[in-house]
**Student:** 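Before I ask anything, let me first share the structure, which is written out below as structure tokens.
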Amino acid sequence: MSSYKPEDIESKWQEYWQENKTFKTPEDHDKPKYYVLDMFPYPSGSGLHVGHPEGYTATDILARYKRMNGFNVLHPIGWDAFGLPAEQYAVKTGTHPRETTEKNVNRFREQLQDLGFSYDWDREVNTTDPDYYKWTQWIFLKLYEKGLAYEDDVPVNWCPELGTVLANEEVIDGKSEVGGYPVIKKPMRQWVLKITEYAERLLEGLDDLDWPDSTKKMQRDWIGKSIGADIDFKVADHDEEIRVFTTRPDTIFGATYMVLAPEHDLVDEITIEDQKEAVANYREEAARKSDLERTELSDEKTGVFTGAYAINPATGEEIPIWVADYVLVSYGTGAIMAVPGQDERDWEFAEKFDLPIVRTVQPPEDFEGDAYTGEGKAINSEFLNGLEVDEAKEKIIDWLEEHDAGKKAVNYKLRDWLFSRQRYWGEPFPIIHVDGEPKPVGEDNLPVTLPEMDDFEPTDDGNPPLAKATDWVNTEDPETGEPAKRETNTMPQWAGSCWYYLRYCSPEFEGGPVDSDEEKYWMPVDMYVGGAEHSVLHLLYARFWHKVLYDCGVVSTKEPFQRLVHQGMILGEVEFTGYKHEGNWISANTKDDFEEVERIKLDEEQVEKKGDDFVIEGTEIRVDAKAHKMSKSRGNVVNPDDIVDQYGADSMRLYEMFMGPLEQVKPWSTQDVDGVYRFLGRVWRMIIDEDSGELNDSVTDEEPPKEQLKVLHECIQKVTGDITDLSFNTAISAMMIFVNEANKWDNHPKSVLNSFIKLLSPFAPHIAEEIWYRLGHDETIAYTDWPEFNEEYLVSDTQLYPIQVNGKVRGEIHVPREKAKDKEYVLSEAKAEDNVQRYLEDGNLVKEIFVPERIVNLVVK
RNA sequence: GCCCGAGUGGCGGAAUUGGUAGACGCGUCGGACUUAAAAUCCGAUUGGUAUCUAAAUACCAGUGCCAGUUCGAGUCUGGCCUCGGGUACCA
């Protein structure tokens, strides 16, 4: 072997690492620890796509870097392996989901190993393993014991095609996130987790986390805390009161009607005889509507009058009570006081149904529009008149409390978490029903394993597939021996991923989900890398469970993930698209003017850049130049296996990091992989003689000269700093600069090469191990010491000063190091520079700017 | 609609606290090596103007658009435009 052949050296070192368990997590707790975690992958049938290795390479670089800096590193991987696709495949083909899952996991594992990631494979976990989900069930029992898990009959998102209930967040625009099937509302008995009880703590906990601001904001918005008041409205000629939540109690004098959600409990009771039919029809219609229809029809407000009236506690006047679906039953109290003067939705409704509108906040003089929602002085509000919004709020709340009509209140958008699914391939609940009442099975009876089945279709009446396993369903109460029925729902996929990061700390531990000594050492996760699509759900659910476990004394930290980073999506290759209408080319910017437009994919050679746009070569016809999200249907998916086959894993890793900043969205370009591949080839040839396979003659044992040390230490400084900042793209660029420089040298002292190869090793570990070995080392490079840079080599003998005249660079001078900070000297040299002189001669020097070791600017008038 | 994020060569992208815009890489062009090709290596590569050509030098313009602050703005401020993402009757 002589030239750089990744296929040979990569498999060699992958085998070496595995045989020697190079990356086994150290068991001692003596050194500082670093826990670096990738988001739990779902092992899909299509295998790894190029987005996976992006985050994984970043964490792997950090893991390897930290090991070389003396840390004990926990860098694990595992499988979030329950889930719908394997079950749907089972329904279609009869293949048991376990088989599909096992096959997919094996494929994923192989692909990850081919990329040379330094995971501790002894700590692999799998959510579908009964030894794992035993503890998922155990945690559920804790939730149940604490009253945080309850059964409820709730209108749920029922998807007939998938035969399952979906969580709100799995429904997008009224269609299922998976498959895009229609979703309707249907009441069903469900398990629900009381995440709302933790709303405030989930909100507060965000403050101290080192997370992207946008992610924190999304979580805050999702929790949606708002402060206002609960106000009770008496119903005229009834004993009932209707409670509303409002953030604008100050506008109560403008509350000219009320609205109940169609599902509100009091609707039937208060509706007068004459309106019963209309209201019943409206409610039925609203129930039948899917979320999609509700959204689509949202332009036009609808509603019916109940015939009943409420008494506005502030004005004492009777106001009509309506039913309308623009009020949601699931937020606040499901009822509102409508203040059209200060609320756009109420205004719209009031206009449509001819209800009175009273302004209670003075809009500015130039205000044009309908409802006014801004700041201003109260009007038409008796004792509130003249007060600003905040003052008025305070005063009215005091007034309401005095008159026993309301009180200050806080509300959250966050809803309780619908926690059951009508599926087979998920964790069974550790719950039995005795005489129809739920009862936990008890810790000793865990795990409750899935029964063997070969039919995974739900029953016709919408019961989960597990209902068909009658031998399994019909059991007895382990305590009393009474007949009992098992819960046939299963947990959602989120369950297993809510606590997996804990299991990695002690994957074999049998006394609980996590060994407390290990937990105290390893937690919290120091660096968590994964897609922004999990900004809300996974991260919120996991934080919720973590806080519950904290309350149970299972974990010692209040938050699981101290630092979080989202890798940006990798898009497909840039595509050029031209448009034709009736056979003639049309410009891309006019394509919306035509009804029928034909899209034509163009080659790079067929287009050229003209101004800000790309056009068809030789014409003015604009085309679209865009990189799209990779998708099977578009046919632009890049398979990492192909890149590894063609260029090797080291090039794959290097390219994904070189593309651009980790967190940014970036288009893929296979051609660009050439660049990093050539770089690795240059590294190889700098050290290895291609003919003999021996070290080059230029590789010597001599002491490096100062110029070489300068180049090396600049590289060390840059790479070290950039890894810390996660700026892997510029770290690689720094190594390229080093190699470009070093290739000009006649001699390559081993000490310099050793240091450089260490720098390269977290990025391209295979070639680094091979060269390290050829440089005469017996041990893996993975635990050698990271090179330290020495400031003293970094200083050059001269200092370069660009010389500006009126802010424009007109020349540059080099001054000796010892004079670099000498203002007098530098300025006189600057003025003496030939080109600068011309400008000085033409005007008067009025000001001299001298920034030490940076720049000189002369202001001339 | 609302809330974030981003606009820099043909392309991906660099640029400390405001201090030489375009590092590094791709592509393109030219050259070396070769019978030839591949591979490799060297050089050029923002646009424009001037000095006869070339080399070289100098100047002008230039980081989405328009203003502003400053000795100096890709970077800061205000107003727009475009693209990407999130969210959507949450009272």
Side-chain angles (χ1 to χ4, degrees), chain A residues 3 173 212-215 217-218 221-222 224-226 228 244-248 251 255 259 294-295 298-299 301 324-328 330-339 342-346 348-349 411-415 532-533 535-536 568-569 571 574 604 607-609 612 614 625-627 629 654-655 658-661 663-676 678-679 681-682 685 690 721 727 729-737 740 743 800-812 835 838 846-851 853-860:
Chain A
S3 59
D173 292 337
D213 287 338
S214 57
T215 304
K217 190 173 182 317
M218 279 167 75
D221 289 350
W222 192 265
K225 181 179 184 175
S226 47
V244 302
F245 172 75
T246 177
T247 54
R248 293 296 302 274
T251 63
V259 182
R294 275 205 188 188
T295 331
S298 67
D299 318 342
K301 294 243 179 316
D325 67 0
Y326 84 93
V327 172
L328 309 174
S330 46
Y331 182 75
T333 61
I336 62 159
M337 63 175 208
V339 189
Q342 275 72 232
D343 186 287
E344 281 161 16
R345 298 153 298 182
D346 296 345
E348 201 186 315
F349 191 81
N411 238 294
Y412 299 92
K413 268 201 267 187
L414 186 69
R415 319 274 167 82
E533 66 274 19
S535 290
V536 176
M569 203 192 321
L571 305 175
V574 173
E604 215 183 321
V607 299
E608 62 178 333
K609 183 107 179 192
D612 288 336
F614 279 91
K626 232 179 122 174
K629 211 166 166 169
L654 223 41
Y655 174 65
F658 189 62
M659 289 172 84
E663 299 182 60
Q664 194 171 303
V665 177
K666 305 164 279 268
W668 179 271
S669 163
T670 297
Q671 192 173 53
D672 284 5
V673 183
D674 279 332
V676 292
R678 283 177 203 152
F679 162 66
R682 281 200 294 275
R685 287 188 303 274
E690 290 202 87
S727 302
N729 54 331
T730 48
I732 293 165
S733 143
M735 290 189 279
M736 288 173 167
I737 291 169
N740 290 347
N743 266 329
L800 171 72
Y801 274 100
I803 314 300
Q804 295 183 332
V805 177
N806 294 335
K808 288 189 172 156
V809 180
R810 298 300 180 186
E812 54 183 42
N835 201 41
R838 303 193 330 203
V846 295
K847 199 169 178 184
E848 296 165 341
I849 313 282
F850 172 73
V851 185
E853 296 184 308
R854 260 232 203 285
I855 206 160
V856 169
N857 190 9
L858 304 172
V859 185
V860 173

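Note that the coordinates shown come from a computational prediction; the quantities given were computed from them, not determined experimentally. Keep in mind that the numbers below use all heavy atoms, side chains included, and drop hydrogens, waters and symmetry copies. Order of the sequence lines fixes the chain letters, A, B, ..., with proteins taken first and strands second; residue numbering starts at 1 for each chain.
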**Student:** Just compare B:A91, B:C24, B:A58 and give me whichever is closest to any side-chain atom of A:F658.
**Tutor:** B:C24
**Student:** Taking only N and O in the side chain of A:R685, is any of them less than 4.0 Å away from OP1 or OP2 of B:A39?
**Tutor:** no
**Student:** With a 4.0 Å cutoff (strictly under), does any side-chain N or O of A:R678 reach OP1 or OP2 of B:G27?
**Tutor:** yes
**Student:** Within the 4.0 Å heavy-atom criterion, would you say A:V665 contacts the bases, only the backbone, or no part of the nucleic acid?
**Tutor:** sugar-phosphate
**Student:** Is the distance from the ring center of A:F850 to that of A:Y801 below 6.0 Å?
**Tutor:** yes
**Student:** Verify the contact: side-chain N or O of A:N743 to OP1 or OP2 of B:C41, cut-off strictly under 4.0 Å; return yes or no.
**Tutor:** no
**Student:** Which nucleotide in the set B:C24, B:G13, B:U20 lies at the smallest distance from any side-chain heavy atom of A:I855?
**Tutor:** B:U20
**Student:** Write down the distance separating the P atoms in B:U16 and B:G22, rounded off to the nearest Å.
**Tutor:** 13 Å
**Student:** Give the nucleotide from the list B:C24, B:C59, B:U20 with an atom nearest to the side chain of A:P802.
**Tutor:** B:U20
**Student:** Reading 5' to 3' and counting Watson-Crick or G-U wobble pairs with both distances under 3.5 Å, write the dot-bracket notation for RNA chain B, | for bases paired outside the strand.
**Tutor:** (((((((..(((......[....)))((((((.......))))))((((((....))))))..(((((..]....))))))))))))....
**Student:** A:D325 side chain: which of B:A91, B:U40, B:C89 is closest?
**Tutor:** B:C89
**Student:** When you measure from the side chain of A:R838, which nucleotide among B:A91, B:G12, B:A58 comes out closest?
**Tutor:** B:A58
**Student:** Give A:N835 one of three labels, base, sugar-phosphate or nothing, depending on what nucleic acid heavy atoms sit under 4.0 Å from its own.
**Tutor:** sugar-phosphate
**Student:** Would you call A:R810 and A:Q804 a side-chain contact if the rule is heavy atoms closer than 4.5 Å?
**Tutor:** no
**Student:** Would you mind telling me which residue lines up with the more 5' stretch of RNA chain B, A:E812 or A:D221, judged by nearest nucleotide?
**Tutor:** A:D221
**Student:** Look at all strands and tell whether A:S330 reaches a base, only sugar-phosphate, or nothing, counting heavy atoms closer than 4.0 Å.
**Tutor:** nothing
**Student:** Enter syn or anti for the glycosidic conformation of B:G9, syn applying to angles within 90° of 0.
**Tutor:** syn
**Student:** Which residues satisfy the side-chain hydrogen bond (donor to acceptor under 3.5 Å, both in side chains) test with A:N857, sequence neighbours excluded?
**Tutor:** none
**Student:** Checking contacts here: which listed nucleotide (B:G13, B:G10, B:A91) is nearest the side-chain heavy atoms of A:P661?
**Tutor:** B:G13
**Student:** On RNA chain B, does the nearest nucleotide to A:T246 precede the nearest nucleotide to A:R682 from the 5' side, or the other way round? Give the residue.
**Tutor:** A:R682
**Student:** Under 6.0 Å between the ring centres of A:W222 and A:Y412?
**Tutor:** no
**Student:** What's the closest nucleotide to the side chain of A:N740 if the choices are B:G25, B:A91, B:U20?
**Tutor:** B:G25
**Student:** When only distance counts, do a donor and an acceptor, one from the side chain of A:K301 and one from the base of B:C89, lie under 3.5 Å apart?
**Tutor:** yes
**Student:** Given A:I732 and A:L654, is the side-chain contact (heavy atoms from CB on, under 4.5 Å) satisfied, shown in steps?
**Tutor:** CA-CA 8 Å; A:I732 293 165; A:L654 223 41; 3.7 Å; yes
**Student:** According to a strict under-4.0 Å criterion, is A:K808 in side-chain N/O contact with OP1 or OP2 of B:A61?
**Tutor:** yes
**Student:** Hey, does A:E344 reach any base, or is it just sugar-phosphate, or nothing, if we go heavy atoms under 4.0 Å?
**Tutor:** nothing
**Student:** Using a strict 4.0 Å threshold on nitrogen-to-oxygen distance, state whether A:K217 and A:D213 make a salt bridge.
**Tutor:** no
**Student:** Taking CD from A:Q664 and C1' from B:G7, how many angstroms apart are they, rounded to a whole number?
**Tutor:** 11 Å
**Student:** Is any side-chain heavy atom of A:V846 closer than 4.5 Å to a side-chain heavy atom of A:V860?
**Tutor:** no
**Student:** If you only use heavy atoms from C-beta on, which nucleotide in B:U17, B:G25, B:C41 is closest to the side chain of A:R854?
**Tutor:** B:U17
**Student:** Are any of A:S733's side-chain N or O atoms less than 4.0 Å away from OP1 or OP2 of B:G13?
**Tutor:** no
**Student:** Give me the ring orientation class for A:Y326 and A:F349: parallel if the planes are under 30° apart, tilted from 30 to 60°, perpendicular past 60°.
**Tutor:** tilted
**Student:** Roughly how far apart, to the nearest Å, are B:U63 and B:G74 at atom C1'?
**Tutor:** 5 Å
**Student:** Which nucleotide sits closest to the side chain of A:L800: B:C11, B:U20, B:A58?
**Tutor:** B:U20
**Student:** Do A:R810 side-chain and B:U20 base share a donor-acceptor contact under 3.5 Å?
**Tutor:** no
**Student:** Given B:G13, B:C41, B:G12, which nucleotide is nearest the side-chain atoms of A:D672?
**Tutor:** B:G12
**Student:** Just checking A:K413: base, sugar-phosphate only, or nothing, at a heavy-atom cut-off of under 4.0 Å?
**Tutor:** base
**Student:** Report yes if some heavy atom in the side chain of A:S733 is under 4.5 Å from a heavy atom in the side chain of A:F679; otherwise report no.
**Tutor:** no
**Student:** Generate the contact string for nucleotides 62-72 of chain B. Rules: B means base contact, S means sugar-phosphate contact only, - means no protein heavy atom under 4.0 Å.
**Tutor:** ---------BS
